[in-house]
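Count residues from 1 along the sequence.
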Amino acid sequence: MAEIINYLSEFNIVSIFLRLILAVMFGGIIGLERRMRKRNAGLRTFALVCAGSALAMLTNEYLILRYEMAVDPGRMASQVISGVGFLGVGTIILNGEKVRGLTTAASLWATAAVGIAVGSGFFLGAFFGFFVIFVSTTFMHKFEERADKNNKFITVYIEIKKEIGMACIVKYIADNDFSLYSVDKLEKREEKDDLYVYVEINLKRHVEHGKVILDINLLDGVVYAEEIK
C-alpha cells in the first residue's frame with residue numbers, strides 16, 4: 001500500500017490522471033449532498049472546484065520540474081483559496097430576512113483545499129479532509145436543529161402596524177413571563193408605513209419556537225413575524 005501511495009505521489013501520467021479523478025470524486029460527493037438539499041452549488045460545481053484546484057497544484061509542480069524554476073510550491077494554492085472565496089460569495093443570498101448559502105460557500109472553500117491536497121499528492125490529508133467535510137455537511141445540521149429547538153433565546157423579525165406600535169409585543173412578553181432582551185428598529189420599506197423590528201426574546205425556559213412565532217402572528221396589530229436563525 002505504501003509503495004502505491006509513493007508511486008502516485010510521483011509526477012507521472014498515471015498519478016496525474018488518478019489525482020484528477022480522485023478530486024472529481026471527492027468534490028462530487030460533497031456537492032451531491034448540497035444538491036440534495038436544493039442549494040445553489042451542487043455536484044458539478046463542487047467537482048469542478050475540486051478538480052480545478054488539483055489541476056492548479058499539478059501545474060505548479062509541472063512548472064517546477066519542467067523548467068526547473070524557483071517557483072513557490074504554494075503560490076497557486078494561495079491563489080486558488082482566494083479565488084474560490086469570490087466564487088463562494090455568489091452562493092450567499094438574502095432570502096427575505098434570512099441569509100442563506102453560508103454553509104455552501106464554506107463547503108466550496110474547504111473542497112478547494114481538498115483539491116489542493118490531492119493535486120499536491122498529499123493523499124492522506126485529502127482523504128481525512130474529505131471525510132471531515134462530508135460528515136460536517138451531512139450530519140452536523142441535525143445537532144444545529146436540536147440546539148435551535150432548545151435555545152432559550154429567539155430572534156424574531158416583526159412587521160407591526162405603526163398605530164399599534166410595540167405595545168402588543170411587550171404585553172405578550174410580559175404575559176408569558178418572558179424577557180425582552182433587545183429591540184432593533186429597521187428603516188421604512190416600500191410605501192408601507194408599518195414598523196419593522198428585530199426582537200430578541202429570552203424565553204427563560206424550553207418553549208417551542210414555532211408556538212412563539214404563531215402566537216406573535218396572531219397578535220392584534222402584527223402584520224407578519226418569522227424567526228431569524
Not counting sequence neighbours, list each pair that qualifies as a side chain to side chain donor-acceptor pair (under 3.5 Å) and has a residue in residues 106-133. none
Any residue meeting side-chain contact (heavy atoms from CB on, under 4.5 Å) with Thr138, in chain and number order, not counting sequence neighbours: Glu33, Phe134
Residues Ile116 and Ala77: closest non-hydrogen pair is CD1-O, 3.7 Å
Quick one, Phe46 and Thr104 - any side-chain contact, counting heavy atoms below 4.5 Å? yes
For Ala225 and Ile216, work out which heavy atoms get closest and say how close. CB-CG2, 3.7 Å
Going only through I, L, V, M, F, W and Y residues with side-chain contacts under 4.5 Å, is there a path from Leu124 to Leu18? yes
Less than 4.5 Å apart, any side-chain heavy atom of Asp184 and any of Val197? no
Please report the C-alpha distance between Tyr196 and Ile160 in whole Å, then the side-chain angles of each, then the deciding distance to 0.1 Å, and finally whether the side-chain contact (heavy atoms from CB on, under 4.5 Å) criterion is met. CA-CA 6 Å; Tyr196 304 91; Ile160 314 170; over 6 Å; no
Got a second to check how far Ile201's CD1 is from Ser179's OG, nearest 0.5 Å? 9.5 Å
How long is the straight-line distance from NZ of Lys204 back to NZ of Lys152, given to the nearest 0.5 Å? 11.0 Å
Considering residues, nucleotides and ligands other than Asp175, do more than 12 of their heavy atoms fall under 6.0 Å from its CG? yes
Give a yes or no answer on whether the side chain of Asn217 reaches the backbone of Ile213 with a donor-acceptor pair at less than 3.5 Å. yes
Could you walk me through whether Val222 and Cys168 pass the side-chain contact (heavy atoms from CB on, under 4.5 Å) check? CA-CA 8 Å; Val222 172; Cys168 60; 4.1 Å; yes
Check whether any side-chain heavy atom of Leu219 sits under 4.5 Å from a side-chain heavy atom of Lys171, and report yes or no. no
CG (Leu218) with more than 12 external heavy atoms under 6.0 Å: yes
Minimum heavy-atom distance Ala112-Val49, with the two atoms named: CB-CG1, 3.9 Å
Taking all atoms of both residues into account, what is the closest heavy-atom pair of His209 and Phe153, and its distance? CE1-O, 3.7 Å
Please report the interatomic distance CG(Leu32) to OG1(Thr137), rounded to the nearest 0.5 Å. 10.5 Å
Just verifying a value: how many Å separate Leu195 CG and Ile169 CD1, rounded to the nearest 0.5 Å? 9.5 Å
Once rounded to the nearest 0.5 Å, what's the spacing between atom CD of Glu226 and atom CD1 of Ile158? 10.5 Å
Salt bridge (charged side-chain N to carboxylate O under 4.0 Å, His left out) pairs touching residues 107-117, sequence neighbours excluded, are none
Going by the angle between their ring planes, with limits at 30° and 60°, are Phe127 and Phe130 parallel, tilted or perpendicular? tilted
Suppose we screen for side-chain contact (heavy atoms from CB on, under 4.5 Å). Which residues come up paired with Val207, at least two apart in sequence or across chains? Phe178, Leu203, Arg205, Val212
First locate atom NZ of Lys211, then atom CG of Asp215, and finally report the distance between them rounded to the nearest 0.5 Å. 4.0 Å
Report the residue from Thr155, Val156, Ile154 that forms a side chain to side chain contact (heavy atoms under 4.5 Å, CB included) with Ile228. Thr155
Do the side chains of Ile16 and Phe11 get nearer than 4.5 Å, heavy atoms only? yes
Taken in chain and number order and not counting sequence neighbours, the residues that satisfy side chain to side chain donor-acceptor pair (under 3.5 Å) with Ser15 are Asn12
Which pairs of donor and acceptor atoms, one on a side chain in residues 19-30, lie under 3.5 Å apart (sequence neighbours left out)?
residue	atom	partner	partner atom	Å
Arg19	NE	Leu8	O	3.3
Arg19	NH1	Glu61	OE1	3.2
Arg19	NH1	Gly119	O	2.7
Arg19	NH2	Leu8	O	3.1
Arg19	NH2	Ser9	O	2.9
Arg19	NH2	Glu10	O	3.1

